[in-house]
Enquirer: 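Please find one structure pasted underneath; my questions will follow.
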Amino acid sequence: QVQLVESGGGLVQPGGSLRLSCAASRFTLNYYTISWFRQAPGKEREGVSCISGYDGSTKYADSVKGRFTVARDNAKTTVYLQMDSLKPEDTAVYYCATDGVLYSDCGTSSDDYDFWGQGTQVTVSS
């Protein structure tokens, strides 16, 4: 059973930065696809970014492209989501997720992922 834990959320002013972390207990994340999703109050969950377990390629939603960066650490135990130039519309609970399949590629929807973290709140406000 894969258990993911997010951390790094908080309150930040518009234009500020946060770095979210996604870690797995007793499990290295190398060669597993990890995706980040977010859900704002009253809105559907949306995909934010993904790093492929197949080839390490990355994908971003248009709304965050150029501002967010997803990466793995050298020990492959944690996946980070660096969020810069944050906007109030980035306010949401952020989740990391994986399908738990070695060498899989990024999925196209949240239904493709079986294992989810508990979420971390990001609030962008002045």
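Residue numbers start at 1 and run along the sequence shown.
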Enquirer: Establish, for the pair Arg45 and Trp116, whether the NZ or CZ atom is under 6.0 angstrom from the six-membered ring centre and no further than 45 degrees off its axis.
Expert: yes
Enquirer: Do Tyr95 and Thr120 have side chains that approach each other closer than 4.5 Å (heavy atoms only, starting at C-beta)?
Expert: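 They are not in contact (no side-chain heavy atoms under 4.5 Å apart), so the answer is no.
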Enquirer: Check the pair Asp112 / Asp99 against side chain to side chain contact (heavy atoms under 4.5 Å, CB included), numbers first and verdict last.
Expert: CA-CA 7 Å; Asp112 295 325; Asp99 58 5; 5.9 Å; no
Enquirer: Can you check side chain to side chain contact (heavy atoms under 4.5 Å, CB included) on Cys22 and Ile34, steps first, answer last?
Expert: CA-CA 9 Å; Cys22 176; Ile34 300 295; 4.3 Å; yes
Enquirer: Cationic tip of Arg38 within the cone over Tyr94's six-membered ring, i.e. under 6.0 Å and within 45° of the normal?
Expert: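 Not satisfied by the 6.0 Å and 45° rule.
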Enquirer: Quick one: closest heavy-atom pair of Gln121 and Val93, and the distance?
Expert: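 So the minimum-distance heavy-atom pair works out to OE1-CG2, 3.2 Å.
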Enquirer: Find the distance between CD (Gln82) and OG (Ser49) and round it off to the nearest 0.5 Å.
Expert: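 These two atoms lie 12.0 Å from each other.
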Enquirer: Do you know which two heavy atoms are closest between Ala23 and Leu29, and how far apart they sit?
Expert: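 Smallest heavy-atom distance, with atoms named: CA-CD1, 4.5 Å.
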Enquirer: If I take atom OG1 from residue Thr98 and atom CD from residue Gln3, how far apart are they, to the nearest 0.5 angstrom?
Expert: 13.5 Å
Enquirer: Looking at every heavy atom in both Tyr60 and Thr69, which two are closest together, and how far apart are they?
Expert: OH-CA, 3.4 Å
Enquirer: Are there more than 12 heavy atoms of other residues, nucleotides or ligands under 6.0 Å from atom CD of Glu89?
Expert: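 Yes.
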Enquirer: Minimum heavy-atom separation for Pro14 to Ser125, with atom names?
Expert: CD-C, 3.6 Å
Enquirer: Cluster question for you: counting only ILVMFWY and a side-chain heavy-atom cut-off of under 4.5 Å, with indirect links fine, are Val12 and Tyr80 together?
Expert: no
Enquirer: Within this structure, what is the SG-CG distance for the pair Cys50 and Asp105, rounded to the nearest 0.5 Å?
Expert: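 Taking SG in Cys50 and CG in Asp105, the distance rounds to 7.0 Å.
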Enquirer: Quick check on Lys43: does its NZ atom have over 12 non-hydrogen neighbours (other residues, nucleotides or ligands) under 6.0 Å away?
Expert: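 Open: at most 12 neighbouring heavy atoms sit under 6.0 Å from NZ of Lys43.
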Enquirer: Just to verify, which of Leu20, Leu4, Asn30, Val70 counts as forming a side-chain contact (heavy atoms from CB on, under 4.5 Å) with Val79?
Expert: Val70
Enquirer: Can you find a side-chain donor-acceptor pair between Ser104 and Tyr54 that sits under 3.5 Å?
Expert: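 Side chains of Ser104 and Tyr54: no pair found under 3.5 Å.
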Enquirer: Nearest 0.5 Å, what's the SG-CD distance between Cys96 and Glu6?
Expert: 4.0 Å
Enquirer: One pair to check against side chain to side chain contact (heavy atoms under 4.5 Å, CB included): Thr33 and Tyr113. What are the steps and the verdict?
Expert: CA-CA 9 Å; Thr33 289; Tyr113 298 92; 3.8 Å; yes
Enquirer: So, do Val64 and Met83 sit near enough that their side-chain heavy atoms are less than 4.5 Å apart?
Expert: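 Contact flag for Val64/Met83 side chains = no.
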Enquirer: Does the separation of the ring centres of Tyr32 and Tyr103 fall below 6.0 angstrom?
Expert: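 No, the ring centres sit 6.0 Å or more apart.
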Enquirer: Say whether Phe37 and Leu81 are linked into one hydrophobic cluster, either directly or through other cluster members, by side-chain heavy-atom distances under 4.5 angstrom.
Expert: no
Enquirer: Would you compute the distance between atom CG of Leu102 and atom OH of Tyr31 and round it to the nearest 0.5 angstrom?
Expert: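 These two atoms lie 9.5 Å from each other.
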Enquirer: Should Arg72 and Thr78 count as side-chain neighbours, where that means a heavy-atom distance under 4.5 Å?
Expert: no
Enquirer: Apply side chain to side chain contact (heavy atoms under 4.5 Å, CB included) to residues Val122 and Leu18 and explain how you reach the verdict.
Expert: CA-CA 9 Å; Val122 171; Leu18 282 175; 3.9 Å; yes
Enquirer: Salt bridge (charged side-chain N to carboxylate O under 4.0 Å, His left out), that's the test. Do Lys87 and Asp90 meet it? Break it down for me.
Expert: CA-CA 5 Å; Lys87 305 175 181 180; Asp90 294 319; over 6 Å; no
Enquirer: Please tell me whether Trp36 and Val2 are part of a single hydrophobic cluster in this structure, the criterion being side-chain heavy atoms less than 4.5 Å apart.
Expert: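 The answer is yes; both residues are in one hydrophobic cluster.
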Enquirer: I need the minimum non-hydrogen distance between Ala92 and Ala40, along with the two atoms involved.
Expert: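 Shortest heavy-atom contact: CB-N, 3.8 Å.
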Enquirer: Quick check: is Phe115 connected to Val101 through a chain of hydrophobic side chains (ILVMFWY, heavy atoms under 4.5 Å apart)?
Expert: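 No.
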Enquirer: How many angstroms lie between atom OG1 of Thr108 and atom NZ of Lys59, to the nearest 0.5 angstrom?
Expert: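 The NZ atom of Lys59 is 8.5 Å from OG1 of Thr108, to the nearest 0.5 Å.
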